[in-house]
Student: 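Below you will find the structure I want to go over with you.
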Amino acid sequence: MKTRLSHSLKVSACALAITSLLSACNSSSSSSNDREQDPAHSPVSIGLLPDTQGGGWAVAMHPMEAVLAKHQEQGVDVVIPVGDLTDNGSTEEWRQWREVADKYREMGMEFLPVMGNHETSWAYTVEWIDNMRHYIPEDAVHMPSAEWLNYYIIRENVLMIGLAYYNLPIAFGWIQDVLAQHEGEFDHVVIASHDGLIGAKYGQTREQIVEGTKDDNRLFDIHKEIRETFAEHDVIWVQGHEHMYQRSQVHARVLGSNDPGGRNAEPLASTPSGGNYRMPSYTQIISGNASYKGYEYRYGERELIQDVILHKMDTMKDGSEHYDANASVLHFNDQRVDYLAFSAPHTINSNEEGPKELADPQWTLIDQFSRTTNRCESLVYPNSIPEGQRPILNHIVEFKTNDCVADDGSSARLIGGTNDVFNRVDTTERSLSFHEGFKRAESMNDLMRLSWQFLFTKHASWDVNLNGNNRIIPGSQGEDETGAKTGNVVIPATTIDMKKHVTLSWLPKEPATASDVLLVSGVQIHGGVYQSAYGKWKNIEKHQGYHGSQPDGSAKAPVELPDYATQNWNVEQIKSSPFGIEFTTENLANASNLLLAAKQNGEWLPLASAECVLDLPWDEDYTIAPPAVAQECADQAIVGYDSQVDDGRWWTIAQTDMELALISK
């Protein structure tokens, strides 16, 4: 048996010639907008400003200033403050908030503020309108009878919709009308609200359905249609409220054997009738923190309809040594979106303490993705799934897809490699309650049914729950003073291993390329970090997860990481497990004159010189034991050309996100 490569230099030689797709994007504020193609629309960038409540009667001015300064550095055009701008909605808090925001508005930034739960009540009718009407753009179109609460604007080909706290159910019909009215005018949809349908700590599905009030069916009746509409329009949902960072995919179709149209019945790449495949899901971004408080991770992944891609929080308690300030940016350029999420630690508890660490923030890029509207995508699961569970419901731990086809007839696919580097996080134990005559759930069985129906996967041998075989257990029961039944069910603390949302996207041919351009994204986000539910750093190689966190009821075991795993958050330093990529062209007449190339700092360079391209077909063992190359080729990526097939077929081994195309020799 071939031994596994243990030294990163043996593997990284495969990727030395490959610069991370977004490393160059991070080197300057304008680089993500510097494309060689001639787009139909000018670029537009959106910055996310998380909750800025400072505690008591103050705004967290120092984190707010730091985040907006980072947005300004990144060339942001529009800032979306995602609610809880203040703690109490007082005149003094609004004065503080405007003092910081006005400086950046004068620099040219637009603001699209959405109302949080801390701005409701009289703050809406008086302070919110008095202050925010000066920020909401004059050309914003407001929802009738919900002016200053729900509104939208279009900038270039990006539709942006803002919703007030808890307004999704009442605004959904209006959202559908807006999408239909402007069909053809936008390629991207960003919907911002303070709270989300799923959430991490909160979530309207839990609050308004599973623990909802009896006969309040506003969300209950449309929750599935919401997810389907958002998936159809490839919505990027952004929110605050949680004081932690999370990116996940929320699925329109549930996971399970009783759903024949479920998401795992979908194809995984291009189909003759439907073209390239996009998963029936939408992206949810919980924007993080810009305040003086942090929350622990409760309930965990709602795995029935959600897959967590990245999660990070710091609470400055229970072993966490700081809070986070989070600054996220969505760069839109015609059909393409580049997403960057930054985090900076601080220990500030009040404005009076001064800016401390945020006087010179130490920003770290913790998350990223790049994709286009023409793409194929797949979830790659962590290599911690028990061996016997892997064939069930497409729990794929390998970097493998089917063909994804470009407009010029080129195609690409991932062809091998195992996901050995992944992040891990703990959750706390929580409970859900029932109350006869008051809540939707009136008994223990009723509450458990709703939990399995809307949130969690009920573990079975044919439908495993990767976060534990007892995600919900019966709790206590009793009666209130009227004799009505009351009680709860328990969501035990568990340990969650995150997935990778891997995308293969196509862009048009550039002047320097002989083919359309392939974006490979989603592989380079996990360094092997393990956090407690409060943000304390844990060693994934030494510490096991909670008992019951595996499908068989055992604990997730410590992970033996490869030596290239960083165990830190810095995406620019992270390498994924080695994986293979195949690139095929129908342009056989010119195949002998072409080389596989990567875009590095804006320039197309061959991954390997012509004399270093191996005349070999792909072998899956190459990600473990790469083929030998001549000494003069040792500092180049390993690239093969399969001359035994009828088309022009190249392959390479990589460990980062990248941008690939064929170029002339």
Student: What residue among D497, N419, D420 forms side chain to side chain donor-acceptor pair (under 3.5 Å) with S384?
Tutor: D497
Student: If we only count heavy atoms from C-beta on, is the V517 to E510 side-chain gap below 4.5 Å?
Tutor: yes
Student: Do D234 and R278 sit within salt-bridge range, that is, some charged N less than 4.0 Å from a carboxylate O?
Tutor: yes
Student: Specify the closest pair of heavy atoms between S281 and H251, including all atoms of both residues, with the distance to one decimal.
Tutor: CB-ND1, 3.5 Å
Student: Between the side chains of D324 and K312, is the shortest nitrogen-to-carboxylate-oxygen separation below 4.0 Å, so that they form an ion pair?
Tutor: yes
Student: Does the side chain of S643 pick up a donor-acceptor pair with the side chain of D615 at under 3.5 Å?
Tutor: yes
Student: Could you report the tightest heavy-atom contact between G527 and N423, atom names first, then the distance?
Tutor: N-OD1, 3.2 Å
Student: Side chains of T585 and L662: closer than 4.5 Å at any heavy-atom pair?
Tutor: yes
Student: Holding to side chain to side chain contact (heavy atoms under 4.5 Å, CB included), I want the full list of residues that pass it with V250, two or more places apart in sequence or in another chain.
Tutor: I198, R227, S248, Y282, Q284
Student: Between the side chain of S45 and the main-chain N/O of D77, is any donor-acceptor distance below 3.5 Å?
Tutor: no
Student: Using modelled atom types and a 3.5 Å cut-off, is there a donor and acceptor pairing between side-chain atoms of H526 and backbone atoms of S576?
Tutor: no
Student: Quiz question: by atom type and distance under 3.5 Å, do the side chains of N289 and Y245 form a donor-acceptor pair?
Tutor: no
Student: Assess whether side chain to side chain donor-acceptor pair (under 3.5 Å) is satisfied between N374 and Q335, documenting all intermediate values.
Tutor: CA-CA 8 Å; N374 180 20; Q335 304 300 304; over 6 Å; no
Student: Quick check on side-chain contact (heavy atoms from CB on, under 4.5 Å): which of V190, V178, V235 does L159 satisfy it with?
Tutor: V178
Student: Tell me yes or no: between the side chains of Q246 and Q306, is some donor less than 3.5 Å from an acceptor?
Tutor: yes
Student: Determine, for D307 against K499, whether the closest basic-nitrogen to carboxylate-oxygen distance falls under 4.0 angstrom.
Tutor: yes
Student: Between R371 and E377, does any side-chain N to carboxylate O distance fall below 4.0 Å?
Tutor: no
Student: Might you work through the side-chain contact (heavy atoms from CB on, under 4.5 Å) test for I396 and V380, ending with a clear yes or no?
Tutor: CA-CA 6 Å; I396 300 170; V380 179; 5.7 Å; no
Student: Quick check on the 6.0 Å ring-centre criterion: do H41 and F332 meet it?
Tutor: no
Student: For a 4.5 angstrom cut-off between non-hydrogen side-chain atoms, does L607 reach Q636?
Tutor: no
Student: Using the ring centroid of each side chain, check whether Y641 and W651 are separated by less than 6.0 Å.
Tutor: no
Student: Mark yes when over 12 heavy atoms from residues, nucleotides or ligands other than E185 sit less than 6.0 Å from its CD; otherwise mark no.
Tutor: yes
Student: Assess whether a salt bridge exists between R336 and E659, defined as any Lys/Arg side-chain N lying under 4.0 Å from an Asp/Glu carboxylate O.
Tutor: yes
Student: Can you list the residues that meet the salt bridge (Lys or Arg N to Asp or Glu O under 4.0 Å) rule with E620, with sequence neighbours excluded?
Tutor: K400
Student: Kindly say whether N568 contributes a backbone atom to a donor-acceptor pair with the side chain of T566 at under 3.5 angstrom?
Tutor: yes
Student: Are D338 and S370 close enough that a side-chain donor and a side-chain acceptor fall under 3.5 Å?
Tutor: yes
Student: Main chain of E603, side chain of K599: is a donor-acceptor contact present, judged purely on distance under 3.5 Å?
Tutor: no
Student: The test is side-chain contact (heavy atoms from CB on, under 4.5 Å); show your working for F230 and L197 and say whether it passes.
Tutor: CA-CA 11 Å; F230 288 0; L197 185 66; 5.9 Å; no
Student: By ring-ring contact (aromatic ring centres under 6.0 Å, His included), which residues pair with W506, not counting sequence neighbours?
Tutor: F583
Student: Do the side chains of L340 and H331 get nearer than 4.5 Å, heavy atoms only?
Tutor: yes
Student: Taking atom types as modelled and ignoring hydrogens, do the side chains of T283 and Q249 form a donor-acceptor contact shorter than 3.5 angstrom?
Tutor: yes
